[in-house]
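Each remark here refers to the structure printed beneath this line.
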Amino acid sequence: MRVQEQARPAPAGGPRIPVRVFSGIQPTGVVHIGNYVGAIRQWAQLQREFESYFCIVDLHAITGSYDVAEFPQRVLDAAAANVAAGIDPNQSVLFVQSHVPEHCELMWLLNVLTPVGQLERMTQYKERSRRAKTGVMAGLLNYPVLQAADVLLYKAKLVPVGEDQVQHVELMRDIAERFNKQFGETFPLPEARLTKGARIMALNDPAAKMSKSVSGSYIALVEDPESIRKKVRAAVTDPGPPKKGSKLDDASPGVANLFTLLEVFAPHRYAEFAEAYHDGAIRYSEMKQALADAIVETFAPVRDRYAQLVQRPDEIRDILAGGARRARPVAQTTMEEVRKEMGLR
Ligand code: AQP
């Protein structure tokens with residue numbers, strides 16, 4: 001798997017299509033700091049350099065159980081959280097997946113190029129199908145094909161995601177490669193773009209990923225300061241400091257997770273606590289205090305912006321409608337090309 005770390009925009013006189021970025025977030029719950037560290041933070045940087053498409057992937061979200069009445073609000077909340085956290089709807093194309101029906105059409109066409117065996121080997125599919133209480137639906141299996149369609153529809157090259165999604169990006173490369181070979185050069189091969197802290201673990205259970213759908217596992221982007229402090233204080237660490245000379249590489253998952261978060265949110269305090277760990281003199285309570293202060297400070301403006309935005313749902317709807325209007329012509333152009341190549345016209 002090729003992981004892109006430092007892509008540059010296409011040089012002048014280079015390829016006709018600009019380097020595009022695509023990524024998505026599911027409206028499955030409250031957007032959390034894991035989503036921010038693994039995805040949104042990077043999206044906000046990339047949008048300044050590249051033509052960027054960020055999508056509220058509602059069609060993915062409905063592969064899990066969800067509350068129909070609540071769902072439209074979840075979509076708006078996810079969009080508001082993204083805008084509050086730095087996605088500029090004037091710079092990026094921020095839209096809802098189901099508002100651009102070409103996603104589903106391309107998914108169907110890509111389905112015919114995707115071996116079932118490869119889908120069955122996807123880690124996320126295996127985990128989610130194991131947890132499925134009422135049978136495994138085809139949507140769960142085909143989830144990564146829809147993801148491939150999301151990205152390929154915009155001929156995106158860069159896919160900024162958390163580590164959990166790398167396998168899916170690898171699959172979309174395979175699908176794109178197969179399409180290009182069979183029907184002619186059409187899609188650039190997408191590359192996952194990871195940042196440090198691409199996998200934030202749950203504070204209360206560092207063996208599991210911080211997840212929207214697991215209550216208690218996450219700190220919301222817009223969580224109130226007291227609750228953030230409480231959750232960080234309660235984060236799982238070790239009963240006491242390690243032996244002198246211990247290496248951070250060997251730290252327990254809970255301690256390693258706190259160091260990852262410290263490096264992201266309070267990089268200026270990292271060396272000091274890393275040294276204390278090495279010397280066997282670390283006080284986790286002090287480290288947690290420093291981390292909680294930094295998280296509270298980082299998200300204070302996000303929380304304020306979010307509070308203002310959710311007061312104006314029509315504004316969020318307008319942003320999303322505008323995003324779909326910009327995304328659709330790009331999607332339609334790709335579909336015309338794909339239909340022709342596949343002999344469907
Ligand atoms: N814990 C995490 N650490 C780092 N990055 C993460 N992402 C998710 N969790 C973490 C990244 O956030 C982006 C959007 O995720 P998603 O909404 O598409 O779905 P997900 O990965 O399944 O996220 P959740 O929060 O765990 O949701 P549920 O509980 O619904 O499954 C992705 O780029 C993802 O890598």
Side-chain angles (χ1 to χ4, degrees), residues 3-4 21-46 52-67 70-71 74-75 77-79 81-82 85-87 94 96-97 122-132 139-140 143-144 146-148 150-151 156 158-170 172 190-221 223 231 235 253-254 256-258 260-261 263-265 295:
V3 172
Q4 180 78 21
V21 170
F22 183 98
S23 200
I25 186 161
Q26 297 186 79
T28 37
V30 178
V31 178
H32 54 74
I33 64 168
N35 299 131
Y36 176 79
V37 174
I40 303 171
R41 176 176 65 131
Q42 219 194 149
W43 300 358
Q45 287 166 1
L46 289 169
S52 300
Y53 295 77
F54 300 122
C55 189
I56 311 298
V57 289
D58 53 350
L59 298 172
H60 280 108
I62 60 171
T63 57
S65 63
Y66 69 104
D67 183 326
E70 227 181 48
F71 198 60
R74 286 232 180 268
V75 171
D77 290 348
N82 275 278
I87 301 307
L94 179 66
V96 179
Q97 189 181 29
M122 294 292 115
T123 307
Q124 187 174 299
Y125 168 72
K126 287 198 266 187
E127 275 170 13
R128 289 185 65 187
S129 53
R130 218 178 296 128
R131 280 189 271 134
L140 204 56
Y143 184 108
L146 180 56
Q147 270 186 321
D150 295 340
V151 171
L158 296 183
V159 188
V161 283
E163 205 181 74
D164 55 319
Q165 293 300 323
V166 168
Q167 196 184 27
H168 289 176
V169 179
E170 202 169 324
M172 54 183 90
E191 290 165 9
R193 186 159 157 148
L194 297 176
T195 44
K196 197 147 197 66
R199 190 169 164 87
I200 301 298
M201 309 309 280
L203 293 179
N204 61 349
D205 175 13
K209 182 173 91 90
M210 187 177 280
S211 266
K212 288 187 224 83
S213 50
V214 182
S215 66
S217 83
Y218 59 81
I219 292 177
L221 231 56
E223 190 133 350
K231 285 184 181 171
N257 195 36
L258 288 186
T260 302
L261 289 167
E263 198 172 5
V264 171
F265 293 110
I295 295 176

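Each ligand, and each atom within it, is numbered from 1 in the order the structure gives. Everything numeric in this text was worked out from a predicted model, so none of it was measured. Residue numbers count from 1 along this sequence.
Taking distance alone, with nitrogen or oxygen atoms compared against 3.5 Å, Gly34 approaches ligand 1 more closely than that limit. The shortest N/O to N/O separation between Val57 and ligand 1 does not fall below 3.5 Å. The shortest N or O to N or O distance between Gln124 and ligand 1 is not below 3.5 Å. Between Glu163 and ligand 1, not a single N/O pair is under 3.5 Å apart. In terms of polar-atom proximity, Ser23 is not counted as a contact of ligand 1, lacking any N or O under 3.5 Å from an N or O of the ligand. Distances between N or O atoms of Gly162 and those of ligand 1 include at least one value under 3.5 Å.
The ligand atoms of ligand 1 that sit less than 4.0 angstrom from a heavy atom of Lys212 are 16 (P), 17 (O), 19 (O), 23 (O), 24 (P), 25 (O), 26 (O), 27 (O), 29 (O). Close contacts between ligand 1 and Thr28 involve ligand atoms 27 (O), 28 (P), 30 (O) [criterion: under 4.0 Å to a heavy atom]. Close approach of ligand 1 to Gly24 (heavy-atom distance below 4.0 Å) involves ligand atoms 14 (C), 18 (O). Within the listing of ligand 1, atoms 21 (O), 35 (O) sit less than 4.0 angstrom from a heavy atom of Gln165.
Lys209 is linked by a salt bridge (Lys or Arg N to Asp or Glu O under 4.0 Å) to Asp164, counting only residues two or more places apart in sequence or in another chain. Evaluation of the salt bridge (Lys or Arg N to Asp or Glu O under 4.0 Å) rule for Glu70 yields Arg74 as partners, not counting sequence neighbours.
In this structure, the side chain of Ser217 engages the main chain of Ser211 through a donor-acceptor pair within 3.5 Å. Side-chain N or O atoms of Thr63 include none that pairs as donor or acceptor with a backbone N or O of Leu59 at under 3.5 Å. Side-chain N or O atoms of Asn82 include none that pairs as donor or acceptor with a backbone N or O of Ala79 at under 3.5 Å. Checked by atom type and distance alone, the side chain of Ser23 pairs as donor or acceptor with a backbone atom of Pro160 at under 3.5 Å.
Looking at every heavy atom in both residues, Val30 comes nearest to Lys212 through O-CG, 3.2 Å. For the residue pair Gln124 and Gln167, the shortest heavy atom distance occurs at N-OE1, 4.5 Å.
Between His168 and Tyr143, the two ring planes are tilted [angle within 30° to 60°].
Comparing Gln26, Gln42, Lys209, Arg199 against atom 23 (O) of ligand 1, the shortest heavy-atom distance belongs to Lys209. When Val30, Asp164, Ile200 are checked for heavy-atom proximity to atom 3 (N) of ligand 1, Ile200 turns out nearest.
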Could you give me the CA-CA distance, side-chain angles and deciding distance for Tyr218 and Asn35, then say whether side chain to side chain contact (heavy atoms under 4.5 Å, CB included) is met?
CA-CA 10 Å; Tyr218 59 81; Asn35 299 131; over 6 Å; no

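Residue contacts with ligand 1 include Ile25, since one or more of its heavy atoms lies under 4.0 Å from the ligand. Under a 4.0 angstrom heavy-atom cut-off, Gly29 registers as lying outside contact with ligand 1. The closest approach between a heavy atom of Met201 and any atom of ligand 1 is not below 4.0 Å.
Contacts between His60 and ligand 1, counted as non-hydrogen atom pairs separated by less than 4.0 Å, are absent for every part of the residue. With a heavy-atom cut-off of 4.0 Å, Ala39 touches ligand 1 through its side chain alone.
Considering CD1 of Ile25 and CD of Gln97, their distance stands at 13.0 Å, rounded to 0.5 Å.
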